[in-house]
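What you see is a predicted model; the values in this text were computed from it and never measured. Per chain, numbering begins at 1; letters A, B, ... match sequence-line order.
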Amino acid sequence: MQLYRAHVLVCGGTGCVSSGSKKIQEAIVDELAKQNLDKEIKVVETGCHGFCEMGPIVIVYPEGTFYCQVQVDDIAEIVSEHLVKGRIVQRLLFKAPLTEEQVPSYKDIAFYRKQHRVALRNCGHIDPEHIQEYIARDGYEGLAKALTTMTPQQVIEEMKKSGLRGRGGGGFPTGLKWEFASKSPGPKKYIICNADEGDPGAFMDRSVLEGDPHSVLEGMLIGAYAIGADEGYIYVRAEYPLAIKRLKVAIAQAEELGLLGDNILGTGFSCRLHIKEGAGAFVCGEETALMASIEGSRGMPNPRPPFPAVKGLWEKPSNINNVETYANVPVIFLHGAEKFASMGTENSKGTKVFALTGKLRNTGLAEVPMGISLREIIFDIGGGIMEDKKFKAVQIGGPSGGCIPEEHLDTPVDYDSLIALGAMMGSGGLVVMDETSCMVDVARFFLNFTQKESCGKCTPCREGTKRMLEILQKICDGNGVPEDITTLETLGAVIKNTALCGLGQTAPNPVLATLRYFRHEYEAHINDKKCPAGVCTALLEYKIVAENCKGCGACARVCPVGAITGEKKEPHEIDTSKCIKCGSCIEKCKFNAIVKG
Amino acid sequence: MADNVTLTIDGQKVTVPAGITVLEAARQMGIDIPTFCHDPELSRPGACRICVVEIKGWRNLPPSCVTTVTEGMEVETESEAVVEARRTILDLLLANHPQDCMTCQKFGDCRLADYAYRYGLKKTTFVGEQTNVPVDESSAVITRDVNKCILCGKCVRVCAEIVGRNVVDFVSRGFTTKVSPALELGLGEKEAGCVSCGSCVAVCPVGALTEKNMQGIARPWEVKKVKTTCPYCGCGCNFDLNVKDGKVVGVTSNPTSVVNGRHLCVKGRFGYDFIHSSDRLTRPLIKKGGKDGDFVEVSWDEAIRHVASRLKEIKEKNGSEAIGVLSSARCTNEENYLMNKLARVALGTNNIDHCARL
Ligand SMILES: Cc1cc2nc3c(=O)[nH]c(=O)nc-3n(C[C@H](O)[C@H](O)[C@H](O)COP(=O)(O)O)c2cc1C
Ligand code: SF4
Ligand code: SF4
Ligand code: SF4
Ligand code: SF4
Ligand code: SF4
Ligand code: FES
């Protein structure tokens with residue numbers, strides 16, 4: 001095997017690819033060849049590091065130097081300075097947000113320091129298209145251990161001991177689920193991986209599939225052995241072409257090495273895996289809809305029971321888990337259930353990957369131990385709120401979740417505490433909002449999503465979310481009446497109680513949670529016809545504060561409808577009946593004389 | 001599994017076979033739980049949620065049509081929460097419904113109107129968008145008013161599971177979800193593949209699918225229903241002739257029909273206009289006065305005697321082989337058997353065939 005003195009890892013995740021990492025990689029290869037270094041230094045294309053905002057990301061090992069936002073023009077410098085002379089290129093290092101201090105090493109960046117990478121253990125560190133790199137990181141050892149030293153029942157016991165709960169939303173104990181499927185009689189069973197990942201803003205499953213596809217295959221194989229399945233499907237949304245490509249490569253390589261297919265590792269256990277591309281309906285992530293979709297029907301949920309473990313794909317007992325769930329499994333078998341269960345809280349073991357978005361300084365993927373506080377995620381890993389604005393709320397669990405306000409930020413994050421707060425772990429979407437977000441508008445945004453994605457099968461979800469959305473729209477437009485709040489609450493409760501699947505049962509959550517914590521904002525919209533955050537245009541009024549106005553006339557010149565009048569050097573005035581609330585004037589005024597509210 | 005389970009429904013203890021649903025158990029006790037999407041002949045989607053009940057210890061209000069009874073279960077079918085949920089669901093359905101019951105063909109036999117009456121819902125409390133698409137009149141026999149559809153999906157299932165045509169299915173998502181033939185074709189367009197059997201009309205709980213030929217002719221309560229056997233073929237399907245003022249104005253399914261249940265073909269369900277046709281022969285005719293003579297109405301007696309004597313003559317003069325018998329697929333097996341006996345034994349010929357071969 002060829003030995004190299006240094007490795008240059010270039011991120012090939014979807015985030016970095018779209019910020020230009022392919023060109024960076026080519027440029028590095030060319031430059032190394034030009035300087036005759038290609039025999040000593042290896043370039044590796046990896047999966048996602050989770051810090052896509054800072055992409056394209058290049059890491060140089062053995063030092064672990066983390067270069068971000070690298071451009072093609074920087075490559076010559078990296079090669080001649082760092083790789084030849086051993087001098088770190090300071091200007092390309094990550095700068096700590098507050099101190100502006102440059103942080104040379106991966107491990108010291110605040111974004112990574114509090115993270116604990118289990119599901120993402122290999123992402124960004126190995127070339128996902130080379131099975132040997134996975135194997136070099138102890139890949140497939142967990143499978144070998146399970147197949148050669150354990151019975152299926154022992155595998156299930158180990159899973160139960162680990163305390164792993166499903167990472168796809170519901171948080172159902174994985175070992176127990178496997179046990180149900182294993183106890184279902186029948187010669188034919190299926191193992192299914194849910195890689196539909198439809199929550200807006202979530203991309204942890206994509207990152208795992210792109211960065212470490214074998215971890216998912218290995219997890220599925222251990223599951224297949226435990227339940228007695230000899231065939232499986234990975235349902236991936238077609239919008240993830242890179243993930244699909246890497247999965248295909250991974251399946252082919254694993255088959256070639258006898259780690260997948262017939263007679264795996266010579267143990268007599270056989271399992272084949274197929275990829276099924278989904279057409280991108282959010283509801284197809286719901287397990288019964290997903291199976292209907294694999295069968296070729298319209299993706300519509302079906303009542304449970306029967307649960308998939310009893311009657312699943314093609315009416316055969318099936319086990320379905322999420323990508324991140326499967327990616328955790330090999331670790332349990334490699335290091336033992338006790339080790340895994342030592343992370344996290346009493347009832348939520350291990351780690352969870354969150355997709356941080358919104359008004360945060362650092363956005364991206366962060367894997368943290370369960371039980372960490374929201375405050376640590378937002379302020380330590382996420383670096384706090386952008387532009388030093390005030391934190392207002394964090395929406396957890398995507399469109400099925402709810403907003404959590406400041407006073408609950410110290411709650412330890414786990415499945416049960418989030419539900420108690422009216423939110424949900426969901427797939428781990430975490431959207432941070434500051435004082436400029438209107439909570440009625442936020443609720444409307446999520447409800448608009450669920451209403452559009454409702455499969456239309458059951459009445460409460462199809463018709464009920466539509467009416468809730470219309471009421472929210474009405475409130476944002478300034479036409480709300482006090483009874484609207486009661487209607488939202490009672491209608492929301494009926495939808496939760498009567499909808500067929502999780503989509504409808506959780507769709508009212510964003511509304512109910514904002515009503516719980518930010519009721520005053522609804523009341524301000526309805527009673528005072530004011531949007532406190534200044535978001536709902538219909539409720540805004542633009543005014544010029546006479547004391548501050550110098551009468552420069554900049555606002556009057558930019559107003560597209562001629563709503564501003566005034567003498568030169570005299571305070572100007574806005575004719576609110578003409579104003580179309582475009583906001584142009586406020587941007588132009590140098591003296592902060594124009595206010596909205 | 002035990003063969004029977006004992007549970008309590010509305011305070012009454014009842015023992016029922018294991019494996020049946022709460023809805024079935026309630027019906028056995030004479031408790032009427034409303035349903036839209038449930039149909040005993042079709043698969044169970046649990047979609048409309050009007051049949052929800054309260055079960056002690058359960059988190060949600062489960063739909064009774066897909067919830068299996070378990071030992072010791074305590075069910076309330078009209079509790080406060082149940083009634084509130086049903087009223088809300090009806091309210092939501094009405095919010096997106098034309099409510100032109102005055103002229104609706106289904107009024108009087110409409111589940112939506114019946115349940116709105118039962119739960120005292122005068123009108124919807126929601127104001128908002130309504131589905132507004134043109135009524136599909138492309139089929140020769142069925143009027144399809146998507147605006148009245150409550151998306152119970154029964155037409156989809158009956159066409160797929162019983163008729164085997166798969167003509168209609170759900171399209172689109174969210175509030176814009178509709179039931180439609182492929183590519184949103186009209187039901188009458190050839191590519192839609194509809195055979196106009198009307199099974200979907202028979203199962204539709206509201207006025208979204210109605211028989212075109214009954215439109216404006218008769219209200220459901222104005223007609224007398226006369227059960228009869230279809231005259232078209234040997235299947236022997238039964239249905240109800242809908243009779244108003246002594247005239248047949250339509251055909252509707254009769255679920256007690258042994259042979260066919262509610263299902264018919266296009267001829268049985270829609271091909272009855274011959275009954276009152278002025279061209280219809282109701283008495284036998286014999287041509288009198290030679291080749292250029294006229295057909296004259298005669299008695300059955302005379303007609304049969306005429307046919308018998310002519311057949312005898314031909315047989316005597318030209319032999320049995322000169323006679324051929326053509327029977328009909330519209331006759332029953334028994335009638336065709338007798339015709340075969342007549343041909344081979346009485347007339348002595350093997351020249352016998354039937355119209356369906358042509
Ligand atoms: C509307 C809806 C969408 C869902 N989308 C996903 C998804 O994209 N990915 C996923 O893993 N689970 C999704 N789920 C949850 C699945 O139904 C199922 O619970 C999960 O795949 C089970 O895996 P786990 O036990 O490993 O979490 C969704 C559920 C609902 C109701
Ligand atoms: S809750 Fe919504 S998404 Fe789920 S089955 Fe009902 S209509 Fe479809
Ligand atoms: S908000 Fe727009 S329309 Fe209104 S006064 Fe300012 S520039 Fe004019
Ligand atoms: S379908 Fe029923 S509720 Fe609708 S208009 Fe007709 S009778 Fe009235
Ligand atoms: S008339 Fe018959 S074939 Fe046509 S859509 Fe209805 S059930 Fe299907
Ligand atoms: S047309 Fe009738 S049967 Fe078909 S889904 Fe609509 S309401 Fe149900
Ligand atoms: S009748 Fe039970 S859900 Fe429709």
Side-chain angles (χ1 to χ4, degrees), chain A residues 279-284 288-289 292 297-306 447-474 479 481 483-484 486-487 490-505 507, chain B residues 21 36-37 43-54 58-63 65-68 70 81-97 124-131 149-153 156 160 166 169-179:
Chain A
F282 175 58
V283 72
C284 283
T288 59
S297 304
R298 177 179 158 101
M300 274 177 139
N302 284 307
R304 293 172 309 177
L447 209 68
N448 185 40
F449 176 82
T450 33
Q451 155 59 213
K452 285 217 167 69
E453 294 295 333
S454 156
C455 84
K457 182 169 184 171
C458 72
T459 319
C461 170
R462 180 188 67 238
E463 309 288 336
T465 55
K466 171 74 178 175
R467 301 307 162 201
M468 285 183 82
L469 178 61
E470 285 178 338
I471 293 170
L472 291 173
Q473 184 64 51
K474 194 173 89 170
N479 300 321
V481 291
E483 303 82 74
D484 286 340
T486 343
T487 311
T490 49
L491 184 53
V494 170
I495 298 172
K496 276 177 82 86
N497 268 333
T498 60
L500 191 159
C501 84
L503 191 151
Q505 286 160 7
Chain B
T21 62
F36 282 125
C37 70
S43 64
R44 302 168 181 176
C48 72
R49 318 306 270 188
I50 196 71
C51 71
V52 290
V53 292
E54 195 170 336
W58 287 42
R59 199 164 43 92
N60 296 342
L61 298 176
C65 66
V66 289
T67 304
T68 310
T70 55
V82 167
V83 171
E84 191 201 348
R86 287 200 194 135
R87 281 182 60 99
T88 306
I89 289 166
L90 288 169
D91 198 350
L92 289 168
L93 288 173
L94 290 181
N96 186 24
H97 194 88
T124 179
T125 53
F126 301 106
V127 258
E129 193 185 336
Q130 292 203 337
T131 306
C149 171
I150 58 166
L151 293 162
C152 73
V156 175
N166 293 288
D169 205 339
F170 293 95
V171 297
S172 191
R173 278 201 293 268
F175 184 71
T176 54
T177 309
K178 283 177 196 63
V179 165

Worksheet entry | Residue selection (most heavy-atom pairs with chain B, distance under 4.5 Å) from Ala493(A), Cys461(A), Cys458(A) | Cys458(A)
Worksheet item: Which region of Thr68(B), side chain (C-beta onward) or backbone (N, CA, C, O), has a non-hydrogen atom less than 4.5 Å from a non-hydrogen atom of chain A, or is it both or neither?
Response: neither
Worksheet item: Does the side chain of Lys496(A) pick up a donor-acceptor pair with the side chain of Asn60(B) at under 3.5 Å?
Response: no
Practice prompt. Pick whichever of Val127(B), Leu61(B), Ile50(B) has the most heavy-atom pairs under 4.5 Å with chain A.
Written response: Leu61(B)
Worksheet item: With no hydrogens and no angle check, is any side-chain donor or acceptor of Thr124(B) less than 3.5 Å from a backbone partner on Asp91(B)?
Response: yes
Worksheet, complete the sentence: Leu92(B) and Pro460(A) have their tightest heavy-atom pair at CD1-CA, 4.2 Å
Item to complete: Going by the side chain to side chain contact (heavy atoms under 4.5 Å, CB included) test, name the single residue among Val82(B), Thr88(B), Ile89(B), Val83(B) that passes it with Arg86(B).
Response: Val82(B)
Practice prompt. Quick one: do Arg467(A) and Glu470(A) satisfy salt bridge (charged side-chain N to carboxylate O under 4.0 Å, His left out)? Show the steps, please.
Written response: CA-CA 5 Å; Arg467(A) 301 307 162 201; Glu470(A) 285 178 338; 2.8 Å; yes
Practice prompt. Residue by residue, scan residues 447-456 of chain A and write down, ordered by number, those that have a heavy-atom distance under 4.5 Å to chain B; if none do, write 'none'.
Written response: Gln451(A), Lys452(A), Glu453(A), Ser454(A), Cys455(A), Gly456(A)
Practice prompt. Please check if the side chain of Thr490(A) supplies one atom and the backbone of Thr486(A) the other of a donor-acceptor pair under 3.5 Å.
Written response: yes
Discussion item. Main chain of Cys48(B), side chain of Thr459(A): is a donor-acceptor contact present, judged purely on distance under 3.5 Å?
Written reply: yes
Worksheet item: Under a 4.5 Å heavy-atom cutoff, which of Lys178(B), Glu129(B), Arg44(B), Arg59(B) has the most pairs with chain A?
Response: Glu129(B)
Response to the item:
Counting heavy-atom pairs under 4.5 Å with chain A, the top scorer among Gly153(B), Cys152(B), Pro62(B), Pro45(B) is Pro45(B)
Worksheet item: If you count heavy-atom pairs under 4.5 Å between each of Gln505(A), Lys474(A), Arg462(A) and chain B, which one has the most?
Response: Arg462(A)
Worksheet, complete the sentence: Val52(B) and Ala85(B) have their tightest heavy-atom pair at CG2-CB, 4.1 Å
Worksheet item: Is there a donor-acceptor pair closer than 3.5 Å between any side-chain N or O of Asn96(B) and the backbone N or O of Leu93(B)?
Response: no
Worksheet entry | chain B contact via Ala281(A) - side chain, backbone, both or neither, heavy atoms under 4.5 Å | both
Worksheet entry | Residue pair Thr21(B), Thr67(B): steps toward the side chain to side chain contact (heavy atoms under 4.5 Å, CB included) verdict | CA-CA 5 Å; Thr21(B) 62; Thr67(B) 304; 6.0 Å; no
Discussion item. Please classify the contact between Gln473(A) and chain B as side chain, backbone, both or neither, with a heavy-atom cut-off of under 4.5 Å.
Written reply: neither
Worksheet entry | chain A contact via Phe126(B) - side chain, backbone, both or neither, heavy atoms under 4.5 Å | side chain
